[in-house]
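Worth knowing before you read on, the calculation uses all heavy atoms, side chains too, and leaves out hydrogens, waters and symmetry mates. For clarity, every value in this text was computed on a predicted model and none was experimentally measured. Lettering of chains follows the sequences in order, A, B, ..., and the numbering in each one begins at 1.
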Amino acid sequence: MRTAGGARTMLTAVRVVTWNVNSIRARQGRVLAWLTRHRPDVVLLQETKCTDALFASEGYTDTYEALGYEVAYHGRDHWNGVAILSRVGLTDVARGFPGTNRPPYDEARVIAATCGGLRVWSVYAPNGRELDDPHYLYKLVWFERLRGAIAADRSGTPTLLAGDLNVAPTDADIYDPARWRRRTHASPPERAAVEALIDLGLVDVTRVAHPHHPDRPGRGPFTWWSYRPGQFAADRGLRIDLALVDARVASSVRDVWIDRDERAAGVASDHAPVVVDLSLPAADRAPGRG
DNA sequence: ATGACCTGTGTAACAGGA
């Protein structure tokens, strides 16, 4: 716990991480090691690739609880799947979108909760596959529904939306923009969909904290690298894992960092954790944390 | 130029990823 110098306002460090783990079963060892090493307060997971039943079973929820976390999850089958772990309180959980969710909108891609004075959303956008694939149109409508859900949220709580948005917002977020010009993740409608989210009053905090890759002016930093040989080593990646926060949260951001060391490890996810370190007014936080 | 890999599933090729 820290106090601000002049302002006498009690501030508390809150670490939030978003991480597409590409299967919680395949990644559980790495996830537990990461939690132990970095002690995040709020963990937004995507692509857990497991059912609620498996997440509730021995070795997952009980293990996180033993580390001090409350747990909320949303998974229907062996695809997609999102979850939130929090050791600063976890209430008002919402799964999926408001209203009817006929297939494919019943896929487990969204979970929200209130944690430590933040309304956090863990989201996993559809991939899109190809520009002429029906899945691409689904992706665009899915973003409209996400925008509607954020706009309709009446919690009044400062908002932090993070996850795998499967869109590189600008050409600077792609190692080789020309190569991706006619592919999903870079198309103008997808970028417009992310811009529409941001237009709700959100800030892409990674871009603010890291205007450029330290070694590649005008490029990166990235959060995803293909598993194919040489891609990570050559830093041929995309920035598709984003953290979008409203103005109240933006003013509390102390640091944003991408854990490339985790991506470099053996049996790693193809996505790196993206960490947002905040200093929140203590009054905004849920009571009960020792 | 293209593909290379990883995870899950009816454990053998596939679907899906990005």
Inset, instruction - Provide the full list of ring-ring contact (aromatic ring centres under 6.0 Å, His included) pairs with a residue in residues 80-112 of chain A, sequence neighbours left out, each pair given once. - result: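 Listed once each, the pairs are A:Phe97-A:Trp142, A:Tyr105-A:Tyr138.
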
Between [X] ([atom1]) and [N] ([atom2]), how many Å, whole number?
X: A:Asp164; N: B:dG16; atom1: CG; atom2: P; result: 17 Å
X: A:Arg263; N: B:dA18; atom1: CZ; atom2: C1'; result: 12 Å
X: A:Ile240; N: B:dG17; atom1: CD1; atom2: C1'; result: 10 Å
X: A:Trp224; N: B:dG17; atom1: CH2; atom2: P; result: 13 Å
X: A:Arg236; N: B:dT2; atom1: CZ; atom2: P; result: 12 Å
X: A:Leu54; N: B:dT7; atom1: CG; atom2: C1'; result: 14 Å
X: A:His185; N: B:dA18; atom1: NE2; atom2: P; result: 6 Å
X: A:Gln46; N: B:dG17; atom1: CD; atom2: C1'; result: 14 Å

Legend entry - Upstream residue (5' side of DNA chain B) when A:Ala268 and A:His271 are each assigned their closest nucleotide: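 Between the two, 5'-proximity favours A:Ala268.
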
Legend entry - 5′-ward residue of the pair A:His78/A:Asn127 relative to DNA chain B: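 The residue mapped nearer the 5' terminus is A:His78.
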
Inset, instruction - Kindly indicate, with the supporting measurements, whether the criterion side chain to side chain contact (heavy atoms under 4.5 Å, CB included) is fulfilled by A:Trp34 and A:Trp19. - result: CA-CA 11 Å; A:Trp34 202 96; A:Trp19 190 7; 3.8 Å; yes

When rounded to the nearest Å, what value does the distance between [atom1] atoms of [N] and [M] take?
N: B:dA12; M: B:dA1; atom1: P; result: 38 Å
N: B:dT2; M: B:dC6; atom1: P; result: 22 Å
N: B:dC14; M: B:dA18; atom1: P; result: 22 Å
N: B:dG10; M: B:dC5; atom1: C1'; result: 24 Å

Just to be sure I understand the rule, does [X] reach a base, reach only the sugar-phosphate, or reach nothing, if contact means heavy atoms closer than 4.0 Å?
X: A:Asn80; answer: nothing
X: A:Tyr124; answer: sugar-phosphate
X: A:Arg129; answer: sugar-phosphate

Inset, instruction - Check each residue of residues 19-27 of chain A for a non-hydrogen atom within less than 4.0 Å of any atom in DNA chain B, then write out the ones that pass by number, or none. - result: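 Close to the strand are A:Asn20, A:Asn22, A:Ser23, A:Arg25, A:Ala26, A:Arg27.
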
Legend entry - Residues A:Arg87, A:Asp41: salt bridge by 4.0 Å N-O rule: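 Salt bridge: yes.
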
Legend entry - Ionic contact status for A:Asp270 with A:Arg228, cut-off 4.0 Å: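 No.
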
Inset, instruction - For A:Asn22 and A:Lys49, test the side chains for any donor-to-acceptor distance below 3.5 angstrom and give the result as yes or no. - result: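 A:Asn22 vs A:Lys49: donor-acceptor pair found between side chains.
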
Inset, instruction - Establish, with yes or no, whether the OP1 or OP2 oxygen of B:dA18 is under 4.0 angstrom from a side-chain nitrogen or oxygen of A:Tyr175. - result: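 So the side chain of A:Tyr175 is outside the cut-off, no N or O lying under 4.0 Å from OP1 or OP2 of B:dA18.
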
Legend entry - Side-chain N or O of A:His135 closer than 4.0 Å to phosphate OP1/OP2 of B:dG16: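 No, outside the criterion.
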
Inset, instruction - Tell whether A:Asn166 reaches the base of B:dA18 with its side chain through a donor-acceptor pair below 3.5 angstrom. - result: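 Absent.
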
Legend entry - Centroid-centroid under 6.0 Å between A:Trp224 and A:His185 rings: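 Ring-ring flag for A:Trp224/A:His185: false, centres at least 6.0 Å apart.
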
Acceptor/donor pairs from residues 232-243 of chain A side chains to any protein atom, 3.5 angstrom cut, sequence neighbours excluded:
{"unit_1": "A:Asp235", "atom_1": "OD1", "unit_2": "A:Trp225", "atom_2": "NE1", "d": "2.8"}
{"unit_1": "A:Asp235", "atom_1": "OD1", "unit_2": "A:Arg260", "atom_2": "NH1", "d": "3.0"}
{"unit_1": "A:Asp235", "atom_1": "OD2", "unit_2": "A:His213", "atom_2": "NE2", "d": "2.8"}
{"unit_1": "A:Arg239", "atom_1": "NE", "unit_2": "A:Asp173", "atom_2": "OD1", "d": "2.7"}
{"unit_1": "A:Arg239", "atom_1": "NH1", "unit_2": "A:Asp204", "atom_2": "OD1", "d": "3.0"}
{"unit_1": "A:Arg239", "atom_1": "NH1", "unit_2": "A:Asp204", "atom_2": "OD2", "d": "3.3"}
{"unit_1": "A:Arg239", "atom_1": "NH2", "unit_2": "A:Asp173", "atom_2": "OD1", "d": "3.4"}
{"unit_1": "A:Arg239", "atom_1": "NH2", "unit_2": "A:Asp204", "atom_2": "OD2", "d": "2.8"}
{"unit_1": "A:Asp241", "atom_1": "OD1", "unit_2": "A:His271", "atom_2": "ND1", "d": "3.2"}
{"unit_1": "A:Asp241", "atom_1": "OD2", "unit_2": "A:Thr223", "atom_2": "OG1", "d": "2.6"}
{"unit_1": "A:Asp241", "atom_1": "OD2", "unit_2": "A:His271", "atom_2": "ND1", "d": "2.8"}

Inset, instruction - Step through the shown structure and confirm whether more than 12 heavy atoms of other residues, nucleotides or ligands are within 6.0 Å of CD on A:Gln28. - result: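 Yes, because the 6.0 Å sphere around CD of A:Gln28 holds more than 12 heavy atoms from other groups.
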
